[in-house]
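Taking it in order: structure first as structure tokens, then the write-up.
All chains are named by letter (A, B, ...) in the order of the sequence lines, taking the proteins before the strands, and each is independently numbered beginning at 1.
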Amino acid sequence: MDIETYLSQQPTPAIAQDLLGRQLRLVTPAGMMTAWITETEAYLGAQDAGAHAFKNHQTARNQALWQSAGTIYIYQMRTQFLLNFVTQAAGVPECVLIRGIEPATGLPLMQANRPQPLKNLTNGPGKLMQALGLDKQLNGQPLNVGPLHLQLTPRRVPIKISTSGRVGIVNKGDWSSAPLRYYVTGNPWVSQSRQRDIDPETHGWQAL
DNA sequence: GTTCGGATAGTCT
DNA sequence: GACTATCCGAACC
């Protein structure tokens with residue numbers, strides 16, 4: 001299946017959950033980095049008071065959201081860049097925010113980009129972009145054409161998926177508490193995860 | 001180990 | 001001029 005089909009064949013919350021365990025791959029002149037997606041959030045477009053596209057409000061920043069499934073949407077939050085994938089057909093401004101990844105290969109490259117201990121390397125949406133060395137250059141471009149790829153295989157399968165309200169969405173009524181954040185239960189590379197919730201044996205993945 | 005406050009810059013009203 | 005889809009470090013358990 002191609003990526004555009006994969007990112008448009010289900011409702012966005014289902015896609016956000018299915019993305020857990022899929023592989024992100026970045027090809028750079030210095031080498032390749034791959035990582036497993038551990039945490040996502042769904043943003044549901046015009047109806048979603050927490051979304052940039054609420055009430056179909058188009059601005060210079062959020063143009064990419066109206067493009068086709070598989071378009072990369074990157075925007076800046078203070079000093080950080082945040083990575084999203086557009087879902088659904090062109091004209092439907094929904095997306096999934098990538099909030100955490102587990103490094104798989106290219107770890108030295110990531111630690112060169114972001115000199116932090118492994119456990120603090122990619123456990124947050126801004127942190128993982130630092131580790132990958134990405135800014136908003138790829139905003140509006142399609143996945144799997146340039147340097148950034150989303151691979152459907154190989155994949156890892158979560159033992160259990162946890163849900164919660166989305167991080168940083170406050171004073172938005174029911175949209176603040178809506179269970180649109182998804183993460184691999186027990187995985188260390190999930191934002192705000194507490195030590196006692198981590199499973200050091202499996203990292204929350206089913207055995208290969 | 002966990003919580004809290006401040007820094008920070010781009011975007012929109 | 002207000003408001004963030006964040007991160008870090010200091011302070012306190």
Strand contacts (DNA chain C) in residues 182-204 of chain A, 4.0 angstrom heavy-atom criterion: none
Hydrophobic cluster identity match, A:Ile37 and A:Leu152, side-chain contacts under 4.5 Å: yes
Side-chain donor/acceptor of A:Asn123 to backbone N/O of A:Trp189, under 3.5 Å: no
Interface with DNA chain C, restricted to residues 110-125 of chain A and to heavy atoms under 4.0 Å: A:Arg114, A:Gly124, A:Pro125
Side chain A:Glu39, main chain A:Ser191, donor-acceptor under 3.5 Å: yes
First of A:Gln130 and A:Asn171 reached from the 5' end of DNA chain C, by closest nucleotide: A:Asn171
Which atom of A:Arg181 lies closest to which atom of A:Val190, heavy atoms considered: NH2-CG1, 3.6 Å
A:Arg78 vs C:dA5: side-chain N/O to OP1/OP2 distance below 4.0 Å: no
Cation-pi geometry met for A:Arg99 and A:Tyr182 (6.0 Å, 45°): no
Sugar-phosphate only, base, or nothing, as touched by A:Arg61 at under 4.0 Å among non-hydrogen atoms: sugar-phosphate
A:Lys172 side chain near C:dC3 phosphate (N/O to OP1/OP2, under 4.0 Å): no
Main-chain N/O of A:His203 paired with A:Asn187 side-chain donor or acceptor, under 3.5 Å: yes
Evaluation steps, side chain to side chain contact (heavy atoms under 4.5 Å, CB included), between A:Ile161 and A:Tyr183: CA-CA 6 Å; A:Ile161 295 174; A:Tyr183 57 94; over 6 Å; no
A:Tyr6 backbone acceptor or donor facing A:Asp18 side chain under 3.5 Å: no
Interface residues of residues 40-57 of chain A with DNA chain C (non-hydrogen, below 4.0 angstrom): A:Tyr43, A:Gly50, A:His52
Among B:dT11, B:dA9, C:dA5, the one nearest A:Lys136 by side-chain distance: B:dT11
Residues in salt bridge (charged side-chain N to carboxylate O under 4.0 Å, His left out) contact with A:Arg196, at least two apart in sequence or another chain: none
Shortest non-hydrogen contact between A:Leu118 and A:Leu107, atoms and distance: CD1-CD1, 3.6 Å
A:Gln76 CD - B:dC12 P separation (whole Å): 13 Å
Between B:dG10 (C1') and A:Tyr75 (OH): distance, integer Å: 12 Å
Check: A:Tyr75 ring centroid to A:His52 ring centroid under 6.0 Å: yes
Main-chain N/O of A:Ser162 paired to A:Thr185 side chain as donor or acceptor, under 3.5 Å: yes
Separation of atom CZ in A:Arg166 from atom C1' in C:dA5, rounded to whole Å: 8 Å
Do any N or O atoms of the protein come closer than 3.5 Å to N or O atoms of nucleotides 10-13 of chain C, and which pairs are they?
none

Neighbour count above 12 (heavy atom, 6.0 Å) for A:Gln137 CD: no
Of the listed nucleotides B:dC12, B:dT8, C:dA5, the one nearest the side chain of A:Thr79: B:dT8
Structure string for DNA chain B in dot-bracket form, Watson-Crick and G-U at under 3.5 Å, | interchain: |||||||.||||.
Note: A:Arg166-A:Asp48 ion pair, threshold 4.0 Å (strictly below): yes
Check: A:Leu121 and A:Gln130 side chains under 4.5 Å, non-hydrogen atoms: no
